[in-house]
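Below you'll find the structure, written out as structure tokens, and then a few comments.
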Amino acid sequence: ALLWLYIFPVYRIPSDKEMVDEVLRQGQTWSRNQTGVDLYRKLLTECCDPKRMFAVTKENSPIGKVLWYDGEIYHYHTVTNETYPIFVQDTPLQLPLKKCSVVGNGGVLKHSGCGKEIDQAEFIMRCNLPPLSKEYTTDVGTRTHLVSANPSIIEKNFQNLLWSRKSFVESMKAYGSSYIYIPAFSMKPGTEPSLRAYHALADFASNQTVLFANPDFLKNVGQFWKNHGVHGKRLSTGLFLVSLALGLCEEVTAYGFWPFSVGLDERPVSHHYYDNILPSSRFHAMPEEFLQLWHLHKSGTLRMRVGDCA
Ligand code: CTP
């Protein structure tokens, strides 16, 4: 709330035009503030322990452990002989990561020319199995180290993996040998398709590693941002990944986060870089999330890239 009062003296979400003006006022100048970086790493470590907790591991979830779904109440999964073996032993990343790119799917990436810069990072995170075909390369890059996959996409695009396992595995090749980060224990109906995705990749000997998002981590990160004034029903995937990056990486740059309908040139911007299908407004509070990210940008904690990278 204080942030809003600071940027916009009246307590309300700014209009698209006000947000454009605010970003333009700030301009391209940005400098890293190590105190801010250290502070957020400390805060996120205290609330959410990303290093140890971001994925379900054999280490943090032994047989018998109860995993409470973070997206609904009263549902839980007890780790069994069947699920335990499919968890990784421990956090598999080589930490600390130096330079990370977190790529949201916003239409602001279109014609941004950010691909090269995105690809220069040591670790690149992307959201929701985004298209990376040739036509997008200049704007979004080609490399991926971690990509999130919501079970709803598996359900919608791959018939829940009841028929089309091979085409799923084929399409995943766009993400190289990355980690596939699946929130399998967020909503009950998502568990089955998530486990099927794991088995499909394993059966076809894919070189990708499935990491199941730890529902305790997601819940704690959600609470962290709620305490900072983000009021959506659920955080967007992008903010989960930025939070993860702030906990794991020394330098974070975020691309494709712009949930507004006009760009810095005041021309219309599509919702995604690949289509203009709007989100269901019931779930997320993306403009509120953006304000938090913008605050982190202004304080030198992470860098937001809105507009051209040239
Ligand atoms: N995003 C953004 N501005 C946009 C579109 C997306 O800031 N115009 C960010 C959001 O953080 C979002 C992420 O990019 O989570 C990935 O976008 P998308 O795949 O559209 O996410 P959603 O479908 O809304 O789903 P969810 O966040 O629930 O995974």
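Counting convention: from 1, in listed order, for ligands and their atoms alike. FYI, side chains are in, hydrogens and waters are out, and symmetry mates aren't considered; it's all heavy atoms of this structure.
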Could you find the nearest protein heavy atom to [atom] and give me its residue, atom name and distance?
atom                    : result
atom 29 (O) of ligand 1 : Thr237 OG1, 2.3 Å
atom 11 (O) of ligand 1 : Ser236 OG, 2.7 Å
atom 24 (O) of ligand 1 : Met286 CE, 3.3 Å
atom 28 (O) of ligand 1 : His284 NE2, 2.6 Å
atom 14 (O) of ligand 1 : Asn105 N, 3.2 Å
atom 8 (N) of ligand 1  : His271 O, 2.9 Å

Measure [X] to ligand 1 on non-hydrogen atoms and call it side chain, backbone, both or neither using the 4.0 Å cut-off.
X      : answer
His272 : side chain
Asn128 : side chain
Phe260 : neither
Val269 : neither
Cys127 : side chain

Under 4.0 Å from a heavy atom of Gly106: give me the atoms of ligand 1 that qualify, with their elements. 4 (C), 5 (C), 6 (C), 8 (N)
Atoms of ligand 1 close to Gly104 [distance to a heavy atom under 4.0 angstrom, numbered from 1]: 14 (O)
Check whether any N or O atom of Glu289, backbone or side chain, sits under 3.5 Å from an N or O atom of ligand 1, and answer yes or no. no
Test the Lys166-Phe204 pair against the cation-pi criterion, namely NZ or CZ under 6.0 angstrom from the six-membered ring centroid and within 45° of the ring axis. no
Any [X] side-chain heavy atom under 4.5 Å of [Y] side chain:
X      : Y      : answer
Pro131 : Tyr273 : yes
Phe54  : Tyr181 : yes
Pro96  : Cys249 : no
Val103 : Phe257 : no
Thr253 : Met304 : no
Pro287 : Phe260 : yes
Cys47  : Val221 : no

I would like to know whether Lys17 and Asp21 meet salt bridge (charged side-chain N to carboxylate O under 4.0 Å, His left out); could you show each step before the answer? CA-CA 6 Å; Lys17 171 83 173 77; Asp21 290 345; 3.0 Å; yes
